[in-house]
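FYI, side chains are in, hydrogens and waters are out, and symmetry mates aren't considered; it's all heavy atoms of this structure. We number each residue from 1, following the sequence as shown.
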Amino acid sequence: MKIFELNNKQTIPAVGFGVFMIPNDGPTYDATLAALKAGYRHIDTAAGYMNESDVGKAIKDSGIDRKEIFITSKLWLQDYGYENAKKGIETSLKLLGVDYIDLYLLHQPYGDYLGAWKALEEAYQAGKIKSIGISNITVNLWNKFKDGMTVMPAVNQVEFNPFVQQKELRKVMAENNIRLEAWYPIRTWK
């Protein structure tokens with residue numbers, strides 16, 4: 001599988017398996033385990049998906065060395081603000097059953113996202129998160145957000161596909177050495 005280097009020298013697999021809208025307590029476990037057996041090594045979940053525990057169980061039960069699996073998760077809005085974000089990060093680590101998360105994103109740019117970002121930076125510095133990033137950040141939001149950080153995001157995960165090409169955002173992210181990651185790379189229209 002092709003990998004990309006991030007701005008902090010960590011690497012990310014080019015293709016991942018996302019578990020959005022898959023229920024917890026069985027279906028996410030089964031889907032994640034099947035994806036790992038099929039060769040996927042990047043699993044994308046989020047606190048807001050409410051299925052981190054199934055992802056963690058599947059990773060543990062897969063028999064694959066944890067170092068070979070790249071986990072992305074995201075902090076949800078109820079955990080924004082500095083203190084809440086610290087708790088949210090710990091909750092994600094616990095539910096996933098891991099000592100570190102490879103990539104942890106701010107899921108949406110609302111509320112006290114700068115306080116939450118500070119907590120992500122601290123968890124990154126402590127080694128609990130290997131890379132930190134943002135999600136759904138537009139150019140306008142980036143311009144408001146960028147001055148409140150000391151660690152540059154490694155990734156901005158946004159909708160990106162042939163119908164939503166994000167030309168201006170790609171330019172701005174490239175200028176800041178931030179990888180743009182697609183969360184809807186294949187879109188079909190009815």
Would you say that [X] contacts [Y] through its side chain, given a criterion of any heavy-atom pair below 4.5 Å between the two side chains?
{"X": "Ile89", "Y": "Leu120", "answer": "yes"}
{"X": "Val55", "Y": "Val19", "answer": "yes"}
{"X": "Val155", "Y": "Ser135", "answer": "no"}
{"X": "Thr72", "Y": "Asp102", "answer": "no"}
{"X": "Glu121", "Y": "Thr150", "answer": "yes"}
{"X": "Ile132", "Y": "Trp117", "answer": "yes"}
{"X": "Asp30", "Y": "Thr32", "answer": "no"}
{"X": "Ile101", "Y": "Lys130", "answer": "no"}

So with a 6.0 Å cut-off around [atom1] of [X], is the heavy-atom count from everything else above 12?
{"X": "Asp65", "atom1": "CG", "value": "yes"}
{"X": "Lys146", "atom1": "NZ", "value": "yes"}
{"X": "Met50", "atom1": "CE", "value": "no"}
{"X": "Tyr40", "atom1": "OH", "value": "no"}
{"X": "Tyr82", "atom1": "OH", "value": "yes"}

For [Y], is there any backbone N or O sitting under 3.5 Å from a side-chain donor or acceptor partner on [X]?
{"X": "Asn8", "Y": "Gln10", "answer": "yes"}
{"X": "Asn7", "Y": "Asn177", "answer": "yes"}
{"X": "Asn84", "Y": "Asp79", "answer": "no"}

Practice item. Could you please spell out the steps behind the salt bridge (charged side-chain N to carboxylate O under 4.0 Å, His left out) verdict for Glu90 and Lys87? Key: CA-CA 5 Å; Glu90 292 303 322; Lys87 292 175 191 169; over 6 Å; no
Roughly how far apart are [X] [atom1] and [Y] [atom2], rounded to 0.5 Å?
{"X": "Glu175", "Y": "Arg170", "atom1": "CD", "atom2": "CZ", "result": "13.0 Å"}
{"X": "Ser73", "Y": "Ile43", "atom1": "OG", "atom2": "CD1", "result": "12.0 Å"}
{"X": "Ile12", "Y": "Lys2", "atom1": "CD1", "atom2": "NZ", "result": "13.0 Å"}
{"X": "Glu168", "Y": "Thr138", "atom1": "CD", "atom2": "OG1", "result": "11.0 Å"}
{"X": "Glu181", "Y": "Met173", "atom1": "CD", "atom2": "CE", "result": "13.5 Å"}

Check your understanding: Of Val15, Leu36, Ile3, which meets side-chain contact (heavy atoms from CB on, under 4.5 Å) against Arg41?
Key ->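 That would be Leu36; it is the only one of Val15, Leu36, Ile3 passing the side-chain contact (heavy atoms from CB on, under 4.5 Å) with Arg41.
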For [X] versus [Y], what's the shortest heavy-atom pair and its separation?
{"X": "Ala116", "Y": "Leu75", "result": "CB-CD2, 3.8 Å"}
{"X": "Ala31", "Y": "Ile22", "result": "CB-CD1, 4.1 Å"}
{"X": "Trp183", "Y": "Glu159", "result": "NE1-N, 3.0 Å"}
{"X": "Ala14", "Y": "Met1", "result": "N-SD, 4.1 Å"}
{"X": "Ala46", "Y": "Glu52", "result": "O-CG, 3.8 Å"}
{"X": "Leu6", "Y": "Ser131", "result": "CD1-OG, 3.6 Å"}

I'd like to know if the side chain of [X] pairs up with that of [Y] as donor and acceptor (distance under 3.5 Å, no hydrogens or angles considered).
{"X": "Tyr104", "Y": "Ser92", "answer": "yes"}
{"X": "Asp44", "Y": "Gln157", "answer": "yes"}
{"X": "Tyr113", "Y": "Gln108", "answer": "no"}
{"X": "Asn24", "Y": "Ser53", "answer": "yes"}
{"X": "Thr45", "Y": "Asn51", "answer": "yes"}

Exercise for review: State which residues pass ring pair (Phe, Tyr, Trp, His ring centres under 6.0 Å) with Trp142; sequence neighbours excluded, sorted by chain then number.
Suggested key: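 Scan of Trp142 (ring pair (Phe, Tyr, Trp, His ring centres under 6.0 Å), adjacent residues dropped) gives none.
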Is there a path of hydrophobic side-chain contacts, each under 4.5 Å between heavy atoms of I, L, V, M, F, W or Y residues, that connects [X] with [Y]?
{"X": "Met152", "Y": "Val158", "answer": "yes"}
{"X": "Ile134", "Y": "Tyr80", "answer": "yes"}
{"X": "Leu77", "Y": "Leu106", "answer": "yes"}
{"X": "Phe160", "Y": "Leu105", "answer": "no"}
{"X": "Val98", "Y": "Leu95", "answer": "no"}

Exercise for review: Examine Lys57 relative to Tyr29 and say whether NZ or CZ is less than 6.0 Å from the centre of the six-membered ring and inside a 45° cone about the ring axis.
Suggested key: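 Judged by the rule (NZ or CZ under 6.0 Å from the ring centre, within 45° of its axis), Lys57 is not positioned above Tyr29.
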Practice item. Would you kindly check if the NZ (Lys) or CZ (Arg) of Arg66 is within the cone defined by 45 degrees around the ring axis of Tyr100 and under 6.0 Å from the six-membered ring centre? Key: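 Relative to the ring axis of Tyr100, which defines the angle, Arg66 lies inside both limits.
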Exercise for review: Hey, can you tell me if Tyr49 and Phe20 have their rings parallel, tilted or perpendicular (30° and 60° cut-offs)?
Suggested key: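 Because their plane-to-plane angle lies in the 30° to 60° range, the rings of Tyr49 and Phe20 count as tilted.
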Review point. Taking 4.0 angstrom as the limit, do Glu5 and Arg179 come out as a salt bridge?
Key: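 Salt bridge between Glu5 and Arg179, a charged N being under 4.0 Å from a carboxylate O: no.
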